[in-house]
Amino acid sequence: MSAARTAAIQLIARKSPVAAAAPAGKPLPELFGANVFGLDQMRNRLSESAYRALRSCMEHGQELDPALADQVANAMKEWAVERGATHFTHWFQPMTGATAEKHDSFANLEGGKLLLEFSGKALIKGEPDASSFPSGGLRATFEARGYTAWDPTSPAFLRETTNGSTLCIPTAFCSWTGEALDEKTPLLRSGEALNRAAVRLLRLLGDQRVHHVHTTLGCEQEYFLIDRDLYLLRPDLVATGRTLFGAKPPKGQELEDHYFGSIAPRVLAFMQEVELELWKLGVPVKTRHNEVAPSQYELAPIFERATIAVDHNMLCMEVLKHIAQRHGFQCLLHEKPYAGINGSGKHNNWSMATDTGDNLLDPGKSPAENMRFVVMLAAVMRAVDLHADLLRTTIAHAGNDHRLGANEAPPAILSIYLGEQLSDVVEGLIAGTGKGSQRKKETMRLGVSALPTLPRDATDRNRTSPFAFTGNKFEFRAVGASQACGKPNTVLNTMVADSLTYIADEIERLAGGKGLEGAINEVVVDLFKKHQRILFNGNGYSAEWHQEAARRGLPNFRSAVDAIGNLGNKKNVELFERFAVLSAKEVESRMNIQFEAYSKAIAIEGQSALSIARTMLLPAAQRTQGAVAQSLAAAKACGVPVVAQEKRLRDLSSRIELFVGAIDDLAAQFEHAEHHAGAPADHAKTYRDKVVPAVVKLREIADGLETMVDDAEWPLPKYREILFLQ
């Protein structure tokens, strides 16, 4: 085994679980939100009138009075300084898929003395340089002015480090001309659009109590861990987040022994510290477990308001990566770090809730008779069917192309799973029988007298569905693990707002002649008939479904490049503009950014593959070739038969020759892509059609060489090591 790999493995063998940097020391209810300037802190540090005004602003999006902002800023500063903070930052989500921050200290000089100050103006507005963030043509490089604007709906929090704390203030990010340069601003706009549409429809349905509707969200986060000593020996993982080379190991996930298995001690210690940090940050994490693939894990939260949940998921990804290094791991969030085993997703559990505490997607005890629920169900069905192309763009990027449609993730064809019970309801309404489902909740008898009987759910789950109803929410399973989830939820909110508006318009149009109940029934049945094609309860992985989906006319955009272009379709631009979520210019910029991000990701992969192949793998193969040739020459000189050995040398030499040719081909294809840029869409297509196949071909040959080259010569940690050594 190579000296570097041997040294890394020896280090791993001596590692043990790491204690948390700051043990809990408190009961969980006291620990939760300790680093958040939340409602308790606001109530304790603000006047009663200021507290009520701020809470109203947080819950209903009302504008904040400047005088109140000064009070809030001072209270925030005092709280943060007491906790060791010296700096504050406007924490925002540019269109990079990550978060951004610029730190400023509370320090100010007055009369030669250092004072700690934080004004309402500094709280509400910041001015980071906007020139180097992706803008997709919204801003020229020399147009640098950008603004961050405090989002009072998401609480400020402290990030603790070894040498102090920083007050982080969630903000939106926009240009000097007012366009959104981030993922948060459109999300907030879409939430307001859905609120207006939902409240209007509820009024028509006779609900006078509800004054506000917001979306709820729970993001299940999958991730891989690799020992950091092995990670640093893999330049492809460091540069791209995934392995560009790696032969299939003797054991992968075939035995299915990792899923829900006993958590390794080092991994469990890491998980416990992650949870500790997230609880202090007010992130309601609940579940941890081994996932399907070796070294793959999942963390899941309790549902909360979508705008806060999006921020919390960004925090979750940051904390996972930060704590992993303390424990000697590297956290991998790429959708497909390793070939041949499952990749990672982020199940986006979405619903709608009212300020009266109702979940609008909760069927209750009798789904068939629940008018409000059936109306909301019809709205979601219409939204997904009409805007499947748009929803597909939100999960379109280079990493997810490796995962979607494999036997681990939903296909790129968007469909809705309702389960047998709700499908019966829909079919009954379409048929005009007026009957709901006859499926009743039963019990499961387990056949062992010591075990209790268990309630049986009315329907099973379907893990192959990209958009599945799971009891009181829809689970959008196709979102990638590395993605910022602001984008898919912005689109979900907007397209459902469109359907709620359509339904309200139709009810108003028909109610005069048919009465309210008759109008509702006609609208719902009509929508079920028109959009029934989007429903599918079967196996989404099967070839038969692909054929059936094509027959139904459902779109199937197999690659990110094909999907991204739909963002600029006339109907989608009009949708965003109609609900004031994005302007045509903002839509175009986001489409360009997605194309550019795809091209850059493939360019980095191509350059990394070339570098590793030329400078690491080819020399290793040639050294083995030379050693075998020398051994054969010595054997021949002694008169020893070497027929089989000569065949091995010819095979090895042939593969090396093919490998050199593949290196040259990838270099030529990469050169072609670099010098034939064109429009962002054309550039992305060139990378997909030229560079991606060349990288795949190079890998196939390299993985064959890995099985032939002397283990002591192979420079990259192998799958058998990186998947199982922890």
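Just so it is clear, the model here is predicted, and its values are computed rather than measured.
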Nearest heavy-atom contact between Leu698 and Ala609 is CD2-O, 4.0 Å

Can you tell me how far OG of Ser608 sits from CZ of Arg242, rounded to the nearest 0.5 angstrom?
-> 10.0 Å

Could you tell me the separation between the CD1 atom of Ile722 and the CZ atom of Arg234, rounded to the nearest 0.5 Å?
-> 5.0 Å

Please assess Glu674 against Gln607 for the test side chain to side chain contact (heavy atoms under 4.5 Å, CB included), listing each intermediate value before the final yes or no.
-> CA-CA 11 Å; Glu674 284 290 280; Gln607 291 181 86; 5.8 Å; no

Using a distance-only test with no angle check, is there a side-chain donor-acceptor pair under 3.5 angstrom linking Glu298 and Thr287?
-> no

In Å, rounded to the nearest 0.5 Å, how long is the span from CZ of Arg650 to CZ of Arg655?
-> 14.0 Å

Note: Glu273-Arg326 ion pair, threshold 4.0 Å (strictly below) | yes

Considering only NZ, NE, NH1 and NH2 on the basic side and carboxylate oxygens on the acidic side, decide whether Glu275 and Arg288 come within less than 4.0 Å.
-> yes

With a 6.0 Å cut-off on ring centres, are Phe92 and Phe133 close enough?
-> yes

Locate the shortest heavy-atom distance separating Phe536 from Gly540; write the atom from each residue and the value.
-> CE2-N, 3.9 Å

Which heavy atom of Ala613 sits nearest a heavy atom of Phe659, and at what distance?
-> CB-CZ, 3.6 Å

CD1/Ile656 to CG/Asp651 distance, rounded to the nearest 0.5 angstrom?
-> 10.0 Å

So with a 6.0 Å cut-off around CD of Glu657, is the heavy-atom count from everything else above 12?
-> no

Partners of His683 by ring pair (Phe, Tyr, Trp, His ring centres under 6.0 Å), sequence neighbours excluded?
-> Tyr687

Carefully, step by step, assess Asn569 and Asp389 under the rule side chain to side chain contact (heavy atoms under 4.5 Å, CB included).
-> CA-CA 9 Å; Asn569 288 350; Asp389 62 328; 3.5 Å; yes

Taking all atoms of both residues into account, what is the closest heavy-atom pair of Ile604 and Ala239, and its distance?
-> CG2-O, 3.7 Å

Ignoring hydrogens and angles, tell me if any N or O in the side chain of Gln93 forms a donor-acceptor pair with the backbone of Thr99 under 3.5 Å.
-> no

Looking only at atom types and distance, does a side-chain atom of Thr240 sit under 3.5 Å from a main-chain N or O of Leu237, one as donor and one as acceptor?
-> no

What are the two closest non-hydrogen atoms of Pro235 and Met616, and how far apart are they?
-> CG-SD, 3.9 Å

When you measure from the side chain of Ser2 to the backbone N and O of Ala712, does any donor-acceptor pair fall under 3.5 Å?
-> no

Hey, mind stepping through Ser295 and Tyr338 against side-chain hydrogen bond (donor to acceptor under 3.5 Å, both in side chains) and telling me if it holds?
-> CA-CA 11 Å; Ser295 77; Tyr338 309 116; 4.8 Å; no

Side chains of Arg228 and Leu230: closer than 4.5 Å at any heavy-atom pair?
-> no

Audit row: Asp182, Met95, side chain to side chain contact (heavy atoms under 4.5 Å, CB included) steps and yes/no = CA-CA 5 Å; Asp182 66 344; Met95 291 182 285; 5.5 Å; no

Would a distance-only check, ignoring hydrogens and angles, find a side-chain to backbone donor-acceptor pair under 3.5 Å from Glu335 to Ser482?
-> yes

Tell me yes or no: between the side chains of Thr393 and Gln594, is some donor less than 3.5 Å from an acceptor?
-> no

Between Phe476 and Trp350, does the ring centre distance come in under 6.0 Å?
-> no

Distance only, no hydrogens: is a donor on one side chain within 3.5 Å (strictly under) of an acceptor on the other, for Asn489 and Asn348?
-> yes

Arg5 bridged to Glu721 by N-O distance under 4.0 Å = yes

Do Gln296 and Asn290 have a side chain donor and acceptor closer than 3.5 Å?
-> no

Can you name the residues that form a ring pair (Phe, Tyr, Trp, His ring centres under 6.0 Å) with His322, not counting sequence neighbours?
-> none

Quick one: do Asp711 and Lys718 make a salt bridge, cutoff under 4.0 Å?
-> yes

Might you work through the salt bridge (Lys or Arg N to Asp or Glu O under 4.0 Å) test for Asp229 and Lys15, ending with a clear yes or no?
-> CA-CA 11 Å; Asp229 290 308; Lys15 290 178 180 177; 2.5 Å; yes

For the side chain of His327 and the backbone of Phe329, is there at least one donor-acceptor N/O pair under 3.5 Å apart?
-> no

What about Phe224 and Tyr297, are their ring centers closer than 6.0 Å?
-> no

Hey, are the side chains of Leu649 and Val642 touching, using non-hydrogen atoms and a 4.5 Å cut-off?
-> no

Taking all atoms of both residues into account, what is the closest heavy-atom pair of Leu567 and Met591, and its distance?
-> CD2-N, 3.5 Å

Rounded to the nearest 0.5 Å, what's the gap from CD on Glu548 to OG on Ser415? Could you check?
-> 11.0 Å

Is it the case that Asp227 and Gln726 place a side-chain donor and acceptor less than 3.5 Å from each other?
-> no

Side chains of Arg688 and Ser559, donor plus acceptor under 3.5 Å = yes

For Pro94, does its backbone N or O pair with a side-chain atom of Glu183 as donor and acceptor, under 3.5 Å?
-> no

Are the side chain of Lys336 and the backbone N or O of Ile341 linked by a donor-acceptor pair below 3.5 Å?
-> yes

Do you see a donor-acceptor pair shorter than 3.5 Å between the side chains of Glu291 and His258?
-> no

Can you tell me if CZ on Arg623 sees more than 12 non-hydrogen neighbours from other groups inside 6.0 Å?
-> yes

NZ/NE/NH1/NH2 to OD/OE distance under 4.0 Å, Arg699 and Asp703 | yes

Can you measure from SG (Cys219) to CE (Met314) and round to the nearest 0.5 angstrom?
-> 10.5 Å

If only atom types and distance count, is the side chain of Asp236 paired as donor or acceptor with the main-chain N or O of Leu244 below 3.5 Å?
-> yes

Under the 3.5 angstrom rule, does the side chain of Asn400 hit a backbone N or O of Ile395 as a donor-acceptor pair?
-> yes

Please step through ring-ring contact (aromatic ring centres under 6.0 Å, His included) for the pair Tyr417 and Phe467, ending with a clear verdict.
-> CA-CA 6 Å; Tyr417 169 82; Phe467 204 85; over 10 Å; no

May I have the step-by-step check of side chain to side chain contact (heavy atoms under 4.5 Å, CB included) for Lys251 and Phe724, ending in yes or no?
-> CA-CA 10 Å; Lys251 176 188 176 185; Phe724 296 101; 4.0 Å; yes

Between Thr490 and Gly486, is there a donor-acceptor pair closer than 3.5 Å when you use the side chain of the first and the backbone of the second?
-> yes

